[in-house]
Each structure stands twice: as structure tokens, then as C-alpha cells.
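Order of listing sets the numbers, starting from 1, for every ligand and every atom in it. Excluded from the calculations below are hydrogen atoms, water molecules and symmetry mates; all remaining heavy atoms, backbone and side chain alike, are included.
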Amino acid sequence: MPDPIDLLIEAKWIIPVEPADIVLENHSVAVDKGRIVAILQQSEGNFRFTPREVRQLHDHVLIPGLVNLHTHAAMSLLRGLADDLPLDVWLRDHIWPAEAKHVSPQFVHDGTLLACAEMLRGGVTCFNDMYFFPQATAKAALELGIRAVVGLIAVDFPTAYAADADDYLAKGMAVRDEFRDSPLLKFCLAPHAPYTVSDRSFEKVLTLSEQCDVPLHMHLHETRKEIEDSLKLFGMRPIERLRRLGVLGPGLIGAHAVHLEDHEIQLLAQHGCSVAHCPSSNLKLASGIARIAQMTQKGVNIGLGTDGAASNNRLDILQEMRTASLLAKGSSGQADAVGAHQALRMATLNGARALGLDKEIGSIEEGKSADFCAIKTNDSLLAPCYDPVSLLAYSAGREHVSDVWVAGKACVSNGNLPHCNMIELKNLAALWQNRVCS
Ligand SMILES: [Zn+2]
């Protein structure tokens, strides 16, 4: 007797990511109770299973859901507010004043909703966030059914959210407790950056991350100025300071890591740290180009991030795949740097590994959660298709994403979000735009 299951997805191509560098043709994925129960040839599907739903994707490539390893989802409400500026001026004169005036639980909720809708439409099924009022981030993510690792932010200056580092951490822990039974939510500690967090606060963050067994997510070596300021203030570069504080370790996700010397790449590799590479944000803020080819050679785990929409201005991991690949080739002089399969691995399994979620998501393997993204390939813009991985990395755009599932639940169907009213969402964005401009 065939086994009853919830869903059978038949796809022209499946790229499982693990095993690496393979493409399965005319295969199906069987899903039950949100998990992958089998990956099999299409001809076998109906013998082995009686699915409640069959989704036929005969012009599509099915990949694991994309992981956005560094973002500030709520900042979508500040998209395009201040462009063409370097990071310090952009932050000091534009972003921080706007945040001081407007950031509230409602702002974070609405901005995150906008961001989650954008990410889902672009095939992202999991994002690693860092922002104020993380409770509002968690609520918005749950509303749209996207998986999130919510950063419990800590800085040493007061904001509308918290008074000092202790207050940030106490509030963060309370949020973690509140949502601890939500299977789609995980948490990480997010000390913003070495230039906004004191040694004393880092020590507390480190103790908490060890106690709670959660990753650490911070900006790291994003600009030259950050390093020069650290040399003046602490007499050492930020990574050396973190090494002395004991912060370097397998749980550390350093966002950006643009300016690294050879020995610093070695240090990150030795300690098993991960890097959230954000090529578009680094280019837009003129921060520089991260040495991805060299980091990869040394074995640093590299995932991809968009950063916030205020500095990108898209939350589009497919585009980051293409940009990361082209930049690595151009800056290293090696045309084989970050090939198509590797770009996809960075956007999926490497991101999952950085978050400690690689047993749950990041590849299409039996037993893992059914988090998928389907891309429709029968568009003349993409024709012909000699190789679906090449199509994904170099030709396809997020407009080609047709269907997205998170834990077996359809979050995008034929390009539409069934759980989200797009007109209301646009109105919400317009409302905030009026407030920010007033
Ligand atoms: Zn950032």
C-alpha cells in the first residue's frame, strides 16, 4: 500500500545542494508533516505515495529555500531615504536621526512585514535579523510564515527600545522566552558592532550566548574607518580585540568582513567563524570588496546577506548570488572563483550552517524541513537552459520565483502570497513614508 503524505512536488530539475554539485532531473520530493520524507524519480512517486496534494513544476528548478544571513528587515521602511553616501555619514546624518524619531514596535512590525513579503517573493525562506524591538520582528515573521533567526540586539547607547547594554540583553532574553515554542523562530545575540559595544558588554553577551547556546551576529570590519578608530581607541584592530575577549568561535557570524589581512582570514578559519557576505551593500556604501576567494580557500564558512533595504536597496538573495560570484572573479582574477554551484551553496547550506540550522534546512535531503524555492524557467529571457545552476546564478531574477514553501506550507503560490494582502502592505508603506517625510 502506498503511504499517504501531505504533498508531492514533481520538478523538472531539483538541485539538492547536498550532495554537492549535482542536478536531479525529473525527480519528485515527498513531504509529510512539514518534512522531506523522500526524494525519488517521478515515475516512482505514485507507487510509493498517495499524496493529498500534487504540485507539478514541469518547467521549474526546485532548490532549498534561500537564507538571508544578514539583514535589518524593519529598515525596509527607510528604503531609498538616503542614497549615495558613505557608511558613517549615511548612519550619523540620516539613518540614526530617522530611527531616533520613528522606530517603535509598530514601525518594526510593519517594516518587517514589508521585508518578509519581499524576501518570500524572492525565494528567501529564512532570514537572520538584527534590529530594535525584536518582539515585533518575531510577530511579523510569524504572520507571514517565514523562518527567522531574530537578533537580540545590544549596543552601549540608549534608544527608544532600551537604556543600556544590560537593559537590551534583559529585554532580548524576555523575547526569547516568549517565543521559545515557535518552531519557525530561533534567536541569536546581536551585539551591533565592535565600535558600538564595550568590552564589558561583550563579556556579558559571550556568557549569555554560551549559556543559551545561541550564535553571535555582529557587523565586523565593514569599513576602513572602523579599523582606524579601533586602533586609536583600543590600540588594536577589532578582530584582535574580539580574539582577546574570547568572542571568536564557531558561533560567530561576522557581517561584511570587508577589510581583512591574511592573518585575520586565518584566525576566522581557525576559530570556525562564519562570514555574512553582503556584496551589494558593500558596493553601495563604497565600503570595499570582501576577499571571498581567499576566505574560501582558507575554509571560512561564507553565507550571503542583503543587509537592510536602506543600504541595498533590495532584499534579493538571487541577485546577491550573481554579484558575489562576479565580484569574486573580478577581484581575484580567477574566473572559477565562486562558481554557480558554490554561489547557491553560499545562499543556502552555508547560511544554515552559520546559524546552527544545517541539520534542519539549507539542502533538500530526507529528514530536513520542507523549505523550498521553485524558479520558473520557461521565459525567453532565460532561454536556452543548458544548465539550471548556471541559470540560477547568472540569468534568473526574483521575478522568476513561482512557489515557496516553509516547513511544507505554501508561502508563495504562482508568484502570489496567499497570507498577505499586498494592497494593505503598500498602503502601510505609504503611511510610514508620509510620517518619515513630515
Ligand atoms: Zn547591517
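By the neighbour-count criterion of 12 heavy atoms within 6.0 Å, atom CZ of R353 is sparsely surrounded, having that number or fewer from other residues, nucleotides or ligands. Few gaps surround CG on N434; more than 12 heavy atoms of other groups in view lie less than 6.0 Å from it. The number of heavy atoms from other shown groups lying within 6.0 Å of CD (Q294) is above 12.
Within D307, OD1 is the N, O or S atom that lies nearest to the Zn ion (ligand 1).
Between the NE2 atom of H70 and the NE2 atom of H219, the angle taken at the Zn ion (ligand 1) works out to 90° after rounding to 10°.
Inclusion of E222 in the first shell of the Zn ion (ligand 1) is not supported: no N, O or S atom falls under 2.8 Å. At a cut-off of 2.8 Å, H72 coordinates the Zn ion (ligand 1) through an N, O or S atom. Here H256 fails the criterion, with no N, O or S atom under 2.8 Å of the Zn ion (ligand 1).
Within the 4.5 Å cutoff, the side chain of Y131 has heavy atoms near those of the E99 side chain.
Of all non-hydrogen atoms in A324 and L304, the two that sit nearest each other are CB-CD2, 3.8 Å.
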